[in-house]
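To keep things clear, I will list the structure first and then write my remarks on it.
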2 protein chains.
Amino acid sequence: MVATTAKGEARRTELQDAVIRVLESGGLGAVTHRAVAAEARVPLAAATYYFASIDDLLVSALLRVTEQQVALFAHLDCRSLTDTAIVLHGWVYGSRASAIAQYELLFLAMRRDSLREAADLWYRSLEGAIAPIVPSGRYARVAALAIDGLILRMLWRGEPASVGEVTAALRDILRSVHRSNSA
Amino acid sequence: MVATTAKGEARRTELQDAVIRVLESGGLGAVTHRAVAAEARVPLAAATYYFASIDDLLVSALLRVTEQQVALFAHLDCRSLTDTAIVLHGWVYGSRASAIAQYELLFLAMRRDSLREAADLWYRSLEGAIAPIVPSGRYARVAALAIDGLILRMLWRGEPASVGEVTAALRDILRSVHRSNSA
DNA sequence: CTCAGATCGGTACAAATGTACTAGAAAGTG
DNA sequence: CACTTTCTAGTACATTTGTACCGATCTGAG
């Protein structure tokens, strides 16, 4: 079996993190056994030992990213709109390369059924995180869709750029949903 | 210079389309000079002659896709909500691989500044297409964001799946914006 | 301690890839 | 017509990649 000892498990995690760093700096094409091994400062054979194929490497990295993201979202304090905007802004622009890398992994999930579940988990954790500020009701799902769109637009076009603008965008989204629900 | 004759221009276009087909079937990693040349039924040297690097290949393909998409959106009849749902549903599920391929190209634009402009164009053409059904006003942008999110969710999770469900989702989005605008 | 299985690190090799080169065909231009 | 430029098509080569292999070392259970 693979990775049954404590040291083995640690190395496996090291390699998963290395995949993400490689992804951040060079994109999907840069993820090779050699690049990941070099990034993790381990010999090539270690990468091939723990992850037989490139696919294993990517799947494993997505699962780890999802895990981290779910944990992050779980401990998020999204009660106030401003706080949420700050978190959102920080997540996208604080480490844009990292955010893009995560979306690249999620895009992989579109093509591979084995990743579908992880993508779903990521998606639901985002919805759970924003749930406290989204008024429940018929149009709650609209708010989730709009916030998804907002994140994508921030990643894509770099706008809205400032925390203030993000706050304004969030306020518009929530207000539109709120008024419709109470109507 | 490259591609100054009619035949040369035709071959260039052939190759661009081949890039998209390769992208559809095999993803970003499958786009190589050889694969594209084989797909276009031209010798390897033709691919390297017209597109010196893989990057040129992808950039050029994105520009062509954008061009097609803008043309498609321009001739779209989005006056009725049901028609829009049918178009949206057909675009995503009619050729899901193609839709995913286009988004993969657009994701490339996140990393390369040279593609930013093309991505912006694509984005704006989508907004222009849905403009007729989105009531202008303060919250119009929210609808655009939500529809972006809706498209992404369809690509990602395959839901909403039926035309009826897409119609319902669109109706919820538009209703929420409309009521807020008139409030 | 003993030892079987897990892990390590190095090396080798076939396949695929980007890229360069050359000679010739075709096309446009005076 | 000549002749310059664009284009074609085949080939060759260095590099990078996935992958397999082997002996040495470490680890935990009995």
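Order of the sequence lines sets the chain letters (A, B, ...), proteins ahead of strands, with each chain counted from 1. All of these numbers come straight from a predicted model, not from anything done at the bench. When reading the values below, keep in mind they use all heavy atoms of this one structure, side chains included, and skip hydrogens, waters and symmetry mates.
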Check the interface with nucleotides 20-29 of chain C: list each N/O to N/O pair with the protein under 3.5 Å, or write none.
none

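- Summarising the geometry, the separation between CG on Asp56(B) and C1' on dG18(C) is reported as 13 Å, rounded to the nearest angstrom.
- In this structure, Arg41(A) does not reach the dG9(C) phosphate: none of its side-chain N or O atoms is under 4.0 Å from OP1 or OP2.
- Within the cation-pi definition used here (under 6.0 Å to the ring centroid, within 45° of the axis), Arg157(B) qualifies as a partner of Tyr123(A).
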N/O to N/O distances under 3.5 Å, protein versus nucleotides 15-17 of chain D:
none

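- Salt bridge status for Arg111(A) with Glu104(B): present, with a side-chain N to carboxylate O gap under 4.0 Å.
- Here the nucleotide nearest the side chain of Tyr49(B), chosen from dG9(C), dT6(D), dC8(C), is dT6(D).
- In this structure, the separation between CZ on Arg41(B) and CD on Glu14(B) is 10.5 Å, given to the nearest 0.5 Å.
- By the neighbour-count criterion of 12 heavy atoms within 6.0 Å, atom CD of Glu117(A) is sparsely surrounded, having that number or fewer from other residues, nucleotides or ligands.
- Distances shorter than 4.0 Å separate none of the side-chain N or O atoms of Arg12(A) from OP1 or OP2 on dT7(C).
- For the side chain to side chain contact (heavy atoms under 4.5 Å, CB included) test, no residue two or more places apart in sequence or in another chain qualifies with Ser25(A).
- To the nearest angstrom, P of dT17(C) lies 18 Å from CZ of Phe51(B).
- Side chains of Tyr50(A) and Asp56(A): no donor on one and acceptor on the other come within 3.5 Å.
- At the phosphate of dA6(C), neither OP1 nor OP2 sits under 4.0 Å from any side-chain N or O atom of Tyr50(A).
- Taking all atoms of both residues into account, the shortest heavy-atom contact from Ala52(B) to His33(B) is O-CE1, 3.5 Å.
- Between the CZ atom of Arg11(A) and the P atom of dA6(C) there is a distance of 17 Å, rounded to whole Å.
- The shortest non-hydrogen separation linking Arg21(B) to Ala40(B) is NH2-CA, 4.5 Å.
- Both Pro43(A) and Ala52(B) sit near DNA chain C, but only Pro43(A) has its closest nucleotide nearer the 5' end.
- Taking the six-membered ring for Trp and thresholds of 30 and 60 degrees, Phe107(A) and Trp156(B) have ring planes more than 60 degrees apart, a perpendicular arrangement.
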